Number of protein chains: 2
Amino acid sequence: MKVLLIEDEKKAVQSLTKGLKEHQIEVDFALDGTTGTELALKNEYDVIISDIIVPGMNGFDLTQYLRSQGINTPVLLLTALSSTDDKVLGLEAGADDYLTKPYDFKELLARIKALSRRGKDTNAPKSVLVFADIEMNLLAKEIYRGGVKIELTPKEFALMEYFIRNQGKAVSKAEIAEKVWDINFETSSNVVEVYVNYLRNKVDKPFQKKLIHTLFGQGYILKDE
Amino acid sequence: MKVLLIEDEKKAVQSLTKGLKEHQIEVDFALDGTTGTELALKNEYDVIISDIIVPGMNGFDLTQYLRSQGINTPVLLLTALSSTDDKVLGLEAGADDYLTKPYDFKELLARIKALSRRGKDTNAPKSVLVFADIEMNLLAKEIYRGGVKIELTPKEFALMEYFIRNQGKAVSKAEIAEKVWDINFETSSNVVEVYVNYLRNKVDKPFQKKLIHTLFGQGYILKDE
DNA sequence: TCCTCAATGAGCAAAACCTTCATGGTATGT
DNA sequence: ACATACCATGAAGGTTTTGCTCATTGAGGA
């Protein structure tokens with residue numbers, strides 16, 4: 001079990017780290033929100049524990065940001081506040097639990113364990129892929145860009161899914177032909193080009209930013225630039 | 001076992017309380033909806049029994065309010081009304097059962113026990129499925145849309161049930177054939193299409209909003225749009 | 001500039017879908 | 001037991017949508 005602790009009071013960090021390690025819990029920590037999110041994006045944690053008020057970014061924004069990046073690690077917020085309004089705000093932002101200072105260490109421990117259990121339960125394969133302002137719902141077979149629904153045919157959808165799953169990575173036409181069409185790319189066909197064109201018409205043309213880029217002689221890449 | 005009784009007729013309260021206590025059931029009571037909800041929020045009951053018409057708040061609103069507050073205690077509504085519309089409304093608001101006055105005390109007792117049993121088993125299979133303005137009662141094999149009863153044949157009912165259970169999710173014809181017909185989808189048959197057509201005629205055609213959508217090449221989806 | 005690779009538009013065949021109809025089976029009521 | 005109504009299902013015809021090819025135009029790199 002591994003947790004990320006985001007907290008600016010060094011004393012609290014120290015005592016918590018010590019306490020958690022005694023219970024076989026690995027702890028990474030960050031003293032401000034910015035490095036906290038960086039760590040959260042880079043590594044995989046079972047639970048993220050964050051003070052509501054930390055330099056650089058508060059716990060609410062942090063949670064919201066992580067969720068938007070597809071990080072669904074359970075978040076436990078720590079705070080001195082205890083008004084109902086704040087609880088609502090925190091939970092709404094996607095936090096999973098909430099603990100008011102001063103708190104009992106055992107309670108904290110219990111909640112961490114509960115959250116990590118829940119997190120693993122949610123090992124359902126992701127059903128929504130995200131890239132830039134695109135959301136692709138694999139269950140409903142829907143795709144939205146900037147909140148606008150885009151109608152794709154099954155093949156177009158499959159190709160787009162392949163692009164999103166390989167976002168930021170160059171993919172050759174042979175690769176695409178193999179994975180999406182399941183054919184040993186015969187140079188005689190230009191299906192891939194045709195379908196990339198279809199996708200561009202629907203996914204890129206109506207918008208400002210182009211996301212599907214051609215790498216001359218190498219294939220294509222989905223990139224936000 | 002402990003129940004909450006919300007009823008403004010003191011006589012009814014008295015006789016019910018007496019009857020229930022004789023069967024080892026503890027009873028709290030409220031003479032109006034407002035104190036009723038307060039009690040419901042403060043204490044834990046096995047079942048809540050409420051008249052539909054009580055001062056301050058009616059049984060429908062009460063049920064809805066409690067659900068919105070995360071109280072999932074089973075609610076049994078008592079009423080002098082017996083029109084279909086009211087039944088539909090009550091169930092929609094999340095009530096779990098319904099009894100029309102004058103009722104047999106033994107029947108009331110039986111239902112209380114049934115509800116309390118169900119309340120404890122959190123993953124008890126639901127007997128009423130809801131989607132958009134559709135309610136499907138699996139026990140009564142009845143289905144209503146917007147308060148209007150729809151007559152379905154057994155196969156149509158089974159198909160509709162499958163759709164509702166997978167609402168918002170694309171389901172392929174092969175999937176449907178397997179789950180609803182229990183056949184290894186032979187392309188030679190078009191039963192699924194035929195039955196989707198039947199369903200549309202009864203469930204969608206007479207109404208404004210279409211709920212059963214075709215995803216070309218991917219199957220069907222039940223969606224509110 | 002020239003050659004190669006990529007983008008685009010038109011067109012067509014196949015696949016998927018909707019709808020209606022006929023048939024046989026099952027349940028219901030007399 | 002019989003007649004009747006209802007239900008489940010495959011078949012056929014027509015319509016819509018998709019997948020793909022081909023030919024042509026446009027762009028990139030040496």
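Just so it is clear, the structure is predicted and the values come from calculations on it, not from any experiment. The figures here come from the full heavy-atom set of this structure, side chains too, leaving out hydrogens, waters and symmetry mates. Below, chains carry the letters A, B, ... as their sequence lines are ordered, and counting in each starts from 1.
Side chain of Asn190(A), nearest nucleotide from dA8(D), dT21(D), dA12(D): dT21(D). With dC17(C), dC7(D), dG19(D) as the candidates, the nucleotide lying closest to the side chain of Thr153(B) is dC7(D). Considering only the side chain of Phe216(A), dG29(D) comes nearest among dG29(D), dC22(D), dG10(D). Minimum atom distance to the side chain of Glu193(B) is reached by dC18(C), of the listed dC18(C), dA6(C), dT21(D). Across dA7(C), dG19(D), dC17(C), the shortest atom-to-atom separation from the side chain of Thr214(B) is found for dC17(C). Closest to the Tyr220(B) side chain, of the nucleotides dA6(C), dC18(C), dT9(D), is dC18(C). Side-chain proximity of Asn197(A) to the nucleotides dA7(C), dA11(D), dC20(D) is greatest for dA7(C).
If you find the closest nucleotide of DNA chain C to Gly219(A) and to Arg200(B), the one lying nearer the 5' end belongs to Gly219(A). Mapping Tyr195(A) and Lys155(B) onto DNA chain D by nearest heavy atom places Lys155(B) closer to the 5' end of the strand.
Residue-to-nucleotide contacts include a donor-acceptor pair under 3.5 Å from the side chain of Tyr198(B) to the base of dT9(D).
Under 3.5 Å, the side chains of Asn197(B) and Tyr195(B) contain no donor-acceptor pair of N or O atoms.
The side chain of Trp181(A) contributes no N or O atom lying less than 4.0 Å from OP1 or OP2 of dG19(D). The phosphate of dT8(C) (OP1 or OP2) has a side-chain N or O of Lys205(A) nearer than 4.0 angstrom. Side-chain nitrogen and oxygen atoms of Ser189(B) include none within less than 4.0 Å of the OP1 or OP2 phosphate oxygen of dT9(D). Dashed line: the shortest gap from a side-chain N or O of Lys173(B) to OP1 or OP2 of dA16(C) is not under 4.0 Å.
Note: NZ (Lys202(B)) to C1' (dC6(D)) measures 10 Å, nearest angstrom. Between Asp204(A) atom CG and dA7(C) atom P the separation is 12 Å, expressed in whole Å. The CG atom of Asn201(B) sits 12 Å away from the P atom of dC18(C) (whole-angstrom rounding). Taking atom CG of residue Leu199(B) and atom P of nucleotide dT19(C), one finds them 13 Å apart after rounding to whole Å. Between Gln218(B) atom CD and dT18(D) atom C1' the separation is 12 Å, expressed in whole Å. Rounding to whole angstrom units, CD of residue Glu151(B) and P of dC6(D) are separated by 12 Å. Atom-to-atom, CD of Glu156(B) to P of dC7(D) comes out at 8 Å; the value is rounded to the nearest Å. Ile212(A) has its CD1 atom 13 Å from the C1' atom of dA7(C), to the nearest Å.
Counting heavy-atom neighbours within 6.0 Å of Lys179(A) NZ, excluding the residue itself, gives a total of 12 or less. The 12-atom threshold is exceeded at NZ of Lys2(B), counting heavy atoms of other residues, nucleotides or ligands nearer than 6.0 Å. Residue-environment remark: CZ (Phe131(A)) exceeds the threshold of 12 foreign heavy atoms within 6.0 Å. Applying the 6.0 Å contact sphere to NZ of Lys42(A) captures no more than 12 heavy atoms from other residues, nucleotides or ligands.
A distance of 6.0 Å or more separates the ring centres of Tyr162(B) and Trp181(B).
Nucleic acid contact for Leu215(B): sugar-phosphate only, since backbone atoms but no base atoms lie under 4.0 Å from a heavy atom of the residue. Among the atoms of the strands shown, base atoms are found under 4.0 Å from some heavy atom of Val194(B).
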